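Only one structure is covered here, and it is reproduced in the block below.
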Amino acid sequence: MTFSEKKTLGRTNLKVGRLGISSSFGAPAAAYEEAFERGCNYFTWGTFIRGRSGPMRSAIRSITAAGRRDDLVVGMLTYAHHAWLTEHFFVKGLGDAGLEYADVLLLGWFPKRPPQKVIDGALKLKEKGLVRFIGLTSHNRKLFPELAREGLFDVFHIRYNAAHRGAETETFPHLTGDDRPGVVSFTATDWRKLLGKRKLPHGETPLTAAECYRFVLSHPAVDVCMMGAKTLEQMRENLAVLDQGALTAEEMERVRMIGKLVYGK
């Protein structure tokens with residue numbers, strides 16, 4: 001089975017392509033639109049400090065103008081860590097993208113549970129109909145099971161790659177069942193460290209980005225693997241992963257071996 005079929009994003013019931021598209025890498029609008037046509041409909045767009053992309057904004061406007069807003073899943077990121085600032089920049093981001101609502105509001109980079117005022121502010125936006133679901137990004141793998149028990153968050157963005165595999169034991173086993181939050185993985189290439197030759201034994205070739213994405217998507221707990229591209233050509237290279245399937249046992253062994261070397265333990 002290939003990765004071309006969409007998957008349900010946890011309890012949100014949103015149908016999403018297996019590769020998510022980040023706005024932070026500078027790809028042109030045509031690249032985002034081509035990815036959307038290939039079924040990659042989960043877009044994350046920054047609203048504050050980082051990730052606000054003019055080309056992705058153009059692509060979102062083009063897709064919605066074509067009457068396909070219901071096929072698009074937009075996650076709006078905020079790094080404000082303050083309820084009023086979150087709402088201010090979130091609403092401004094909606095206006096910039098020409099959207100009446102976002103599918104997911106992603107509270108960005110929290111090492112621990114967000115302050116209650118921030119959570120209440122996000123829930124207020126949900127009550128207003130400006131956002132459908134609330135999500136959170138963090139590097140703290142043990143935080144997600146704690147928050148899942150509260151039932152307030154619908155989507156989790158979790159760091160997971162061949163070098164950082166702690167989520168396999170600390171997070172994924174605790175996010176199960178029909179009512180689990182959606183699971184989105186980020187940094188599949190470990191900020192390109194997995195693509196380099198450093199630390200590899202003589203004669204061993206580095207991983208490709210495709211292998212990194214396939215490693216992540218091979219785990220059944222992952223709904224979406226985020227990826228980025230700087231050019232249309234890079235986007236097309238990434239999209240080729242959709243025509244492939246899970247890693248074989250031999251491929252998995254190699255990827256895990258290189259991941260262990262890159263991690264350094």
Side-chain angles (χ1 to χ4, degrees), residues 6-24 39-48 50-51 56 60 70-81 86 90 93-94 97 99 101-114 118-160 167 170-188 216-217 219-228:
K6 290 184 179 179
K7 191 173 182 181
T8 301
L9 186 61
R11 64 163 174 252
T12 69
N13 286 322
L14 296 170
K15 296 296 183 181
V16 289
R18 302 303 307 281
L19 287 176
I21 314 297
S22 171
S23 67
S24 302
C40 298
N41 63 333
Y42 186 75
F43 286 14
T44 61
W45 195 59
T47 60
F48 181 62
R50 288 184 283 180
M56 179 172 277
I60 290 173
D70 291 344
D71 297 325
L72 184 64
V73 178
V74 179
M76 302 282 275
L77 278 152
T78 173
Y79 304 97
H81 288 210
T86 293
F90 173 76
L94 287 180
L99 298 173
Y101 67 91
D103 297 281
V104 184
L105 168 61
L106 291 163
L107 304 181
W109 305 110
F110 280 91
K112 59 183 181 180
R113 187 183 189 276
V118 173
I119 295 176
D120 290 342
L123 294 175
K124 177 183 174 183
L125 293 172
K126 189 175 182 179
E127 292 172 1
K128 290 181 176 180
L130 295 177
V131 61
R132 299 173 66 188
F133 302 102
I134 307 300
L136 179 132
T137 73
S138 178
H139 283 256
N140 183 357
R141 296 184 295 260
K142 295 181 180 179
L143 175 64
F144 297 107
E146 297 176 11
L147 295 179
R149 288 192 287 271
E150 292 189 49
L152 297 176
F153 290 91
D154 307 295
V155 179
F156 290 144
H157 277 224
I158 302 169
R159 180 176 65 166
Y160 176 58
E170 297 174 343
T171 311
F172 296 155
H174 305 285
L175 304 179
T176 59
D178 295 336
D179 197 42
R180 71 166 177 84
V183 174
V184 179
S185 167
F186 63 90
T187 65
V216 171
L217 292 173
H219 199 291
V222 176
D223 299 319
V224 177
C225 173
M226 295 303 300
M227 63 95 161

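What you are looking at is a predicted structure, and each value in this text was computed from that prediction instead of being measured.
Among all heavy-atom pairs drawn from Pro173 and Ala167, the shortest one is CD-O, 3.8 Å. Minimum heavy-atom separation, Leu217 to Cys225: CD2-CB, 3.6 Å. The nearest pair of heavy atoms linking Met76 to Leu94 is CE-N, 3.6 Å. Scanning all heavy atoms of the two residues, the minimum distance from Phe43 to Ile60 falls at CD2-CG1, 4.0 Å. In terms of heavy-atom proximity, Ile119 sits nearest to Pro114 at CD1-O, 3.6 Å. Nearest heavy atom pair, residue Pro111 against residue Asn140, reads O-ND2, 2.8 Å.
For Asp179, the salt bridge (Lys or Arg N to Asp or Glu O under 4.0 Å) partners are Arg11, not counting sequence neighbours. For Asp120, there are no salt bridge (Lys or Arg N to Asp or Glu O under 4.0 Å) partners, not counting sequence neighbours. Remark: Phe153 pairs with no residue by the ring-ring contact (aromatic ring centres under 6.0 Å, His included) rule, at least two apart or across chains. Residues satisfying the ring-ring contact (aromatic ring centres under 6.0 Å, His included) criterion with Phe144, sequence neighbours excluded, are Phe156.
Within the model, atoms CG of Leu152 and CG of Leu147 stand 8.0 Å from one another, a figure rounded to the nearest 0.5 Å. Rounding to the nearest 0.5 Å gives a distance of 10.0 Å between CZ of Phe90 and CG of Leu106. To the nearest 0.5 Å, atoms CG (Leu107) and OG1 (Thr137) are separated by 8.0 Å. Here the CD1-CG distance, from Ile134 to Leu105, works out to 5.0 Å after rounding to the nearest 0.5 Å. For the atom pair CZ of Arg113 and CD of Glu150, the computed distance is 4.0 Å after rounding to the nearest 0.5 Å.
Side chain of Thr86 to main chain of Ala80: no donor-acceptor pair is present (N/O by atom type, distance under 3.5 Å, no hydrogens or angles). At least one donor-acceptor pair closer than 3.5 Å links the side chain of His81 to the backbone N or O of Gly108. Remark: side-chain polar atoms of Thr187 are not paired, donor with acceptor, to backbone N or O of Arg159 under 3.5 angstrom.
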I'd like a table of donor-acceptor pairs (distance under 3.5 Å, sequence neighbours excluded) in which one partner is a side-chain atom from residues 122-131, with atom names and distances.
unit_1, atom_1, unit_2, atom_2, d
Lys126, NZ, Asp154, OD2, 3.4
Lys128, NZ, Glu87, OE2, 3.0

In a table with atom names and distances, give each donor-acceptor pair under 3.5 Å that connects a side chain of residues 12-20 to protein atoms at least two apart or in another chain.
unit_1, atom_1, unit_2, atom_2, d
Thr12, OG1, Leu9, O, 2.6
Thr12, OG1, Leu14, N, 3.1
Lys15, NZ, Thr8, OG1, 2.6
Arg18, NE, Asp223, O, 2.8
Arg18, NH2, Val222, O, 2.9

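In this structure, Trp109 and Tyr79 have parallel ring planes: the angle between them is below the 30° cut-off, well short of the 60° mark.
In this structure, the side chains of Val73 and Asp103 come closer than 4.5 Å at one or more pairs of heavy atoms. Residues Ile21 and Met227 form a side-chain contact, since some pair of their non-hydrogen atoms from C-beta on lies under 4.5 Å apart. Counting only heavy atoms from C-beta outward, the side chains of Thr171 and Tyr160 never approach each other to under 4.5 Å. The shortest distance between side-chain heavy atoms of Phe186 and His139 falls below 4.5 Å.
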From CA spacing to verdict: side-chain contact (heavy atoms from CB on, under 4.5 Å), Thr44, Leu77: CA-CA 7 Å; Thr44 61; Leu77 278 152; 4.1 Å; yes
